[in-house]
Amino acid sequence: MKYLLFSITLLCVCKQAQSQTNWISKEDSLGNLLFRETNVSRHDQQTWQFFVKETGYISPLNLKQRVANQVNDKNIDTLPRLKKTVLHLLISDNQKNLLEKSSDGLKLYIFNFSAKQVAVPSIGTAPQGLIEYIYVENKWIALRRKAGWLCRKPLPKIHFLPNAVSCYNISPVNQENGTISLKYKFMMTYNNQSIESNQITIKLYPNQLQRLLEENNMPK
């Protein structure tokens, strides 16, 4: 009986370990099949969506700065009511073209409502401390985050101009054909204070959620 219990326990551990690493092997094998062996381009949206759906792949967080405009009454009137803190985060979806005429994907707006220039550590053109969250199993879990550098040198600074707003394109995370709807937001820390964006709803494929839960040690 003791050996039987040990065998069952070992089998469960091995199965769990396999589920934790299976996504990477599935990603590699399917990626080789679709994009290398058959010379299919990643720009082929139908094939790419199949890859994402099967492997649970979510691209790394990438924020590309588009504009930095002065805040004025005209464009503020087009936005939801904002808490005029020093820095404010606002997500818009592709159905709400707030300060941009373009409608491709999600956008993140960072407002500086103060009369002074605000400097925060950065990676590229985006703040280093920005983290995406989704609401799963009655808690917020990190989705993607801007990675920090391992060296001990000070991070470069990004400067937000007084009374201005910066607009960023967010690398794709919302899946138009996804079947699971989840609450989604951004958070960052400035001057030891947590700054939270508004919440919107995004869609993911089941394998994407399952992979996230496993990687956060939250088996579904």
Side-chain angles (χ1 to χ4, degrees), residues 6-65 91 93-94 104-108 122-137 139-151 155 168-188 200-220:
F6 175 77
S7 299
I8 293 173
T9 304
L10 183 61
L11 180 62
C12 292
V13 170
C14 291
K15 187 175 181 180
Q16 183 180 10
Q18 184 179 8
S19 69
Q20 295 293 330
T21 59
N22 183 51
W23 299 110
I24 300 300
S25 60
K26 193 172 185 179
E27 185 179 309
D28 289 340
S29 58
L30 190 57
N32 282 329
L33 178 64
L34 293 177
F35 305 118
R36 295 182 179 87
E37 296 178 7
T38 58
N39 294 320
V40 174
S41 170
R42 287 176 181 258
H43 296 292
D44 179 347
Q45 283 302 308
Q46 186 174 357
T47 304
W48 177 249
Q49 286 303 307
F50 175 75
F51 174 79
V52 170
K53 188 175 182 179
E54 291 297 314
T55 64
Y57 177 81
I58 296 179
S59 62
L61 175 60
N62 184 22
L63 295 171
K64 295 184 178 179
Q65 190 172 20
I91 306 170
D93 59 30
N94 55 9
D104 46 28
L106 301 178
K107 292 178 174 58
L108 175 68
S122 71
I123 296 179
T125 60
Q128 186 265 345
L130 273 173
I131 302 176
E132 289 172 304
Y133 287 89
I134 54 173
Y135 193 69
V136 183
E137 304 287 338
K139 65 175 66 176
W140 289 98
I141 65 170
L143 177 60
R144 307 179 292 186
R145 67 185 71 210
K146 295 295 288 183
W149 291 338
L150 296 178
C151 63
L155 288 170
Y168 293 88
N169 277 350
I170 306 172
S171 52
V173 60
N174 183 52
Q175 305 298 325
E176 184 177 348
N177 297 319
T179 55
I180 299 176
S181 297
L182 299 165
K183 293 179 181 178
Y184 167 90
K185 69 179 180 180
F186 268 96
M187 290 186 68
M188 68 176 288
I200 66 168
T201 299
I202 63 168
K203 293 181 179 179
L204 296 178
Y205 291 118
N207 276 350
Q208 289 181 302
L209 178 58
Q210 182 63 30
R211 183 171 179 172
L212 281 167
L213 292 177
E214 289 181 4
E215 290 174 350
N216 284 274
N217 297 315
M218 298 171 59
K220 190 174 180 180

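The structure displayed is predicted, hence computed values, not measured ones. The chain is numbered in sequence order, starting from 1.
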Minimum heavy-atom separation for [X] to [Y], with atom names?
X    : Y    : result
P172 : S59  : O-OG, 3.3 Å
N174 : K203 : OD1-N, 2.7 Å
M188 : P127 : CE-CB, 4.0 Å
E54  : N207 : O-ND2, 2.9 Å
V173 : R144 : CB-NH2, 3.5 Å

Side chain proximity check, [X] to [Y], heavy atoms < 4.5 angstrom:
X    : Y    : result
K107 : N169 : yes
Y205 : N177 : yes
F186 : L61  : yes
R211 : E215 : yes
S122 : Q128 : no
L106 : Y184 : yes
L212 : L204 : yes
I170 : L63  : yes

From [X] [atom1] over to [Y] [atom2], what is the distance, rounded to the nearest 0.5 angstrom?
X    : Y    : atom1 : atom2 : result
L34  : D44  : CG    : CG    : 9.5 Å
K185 : I131 : NZ    : CD1   : 11.0 Å
L182 : I200 : CG    : CD1   : 11.5 Å
Y135 : I202 : OH    : CD1   : 15.0 Å
I134 : I141 : CD1   : CD1   : 4.5 Å

Just by distance, do the side chain of [X] and the backbone of [Y] share a donor-acceptor pair under 3.5 Å?
X    : Y    : value
S181 : T201 : no
T47  : S41  : no
Q208 : Y57  : yes
T55  : E27  : no

TODO: Anything under 30° is parallel, anything over 60° is perpendicular, the rest tilted; go ahead and classify W48 against F35.
DONE: tilted
Task: Neighbour count above 12 (heavy atom, 6.0 Å) for Q46 CD - done: no
Open item on the list: Using side chain to side chain donor-acceptor pair (under 3.5 Å), reason through E214 and W23 one step at a time and then give a plain yes or no.
Closed with: CA-CA 10 Å; E214 289 181 4; W23 299 110; 2.7 Å; yes
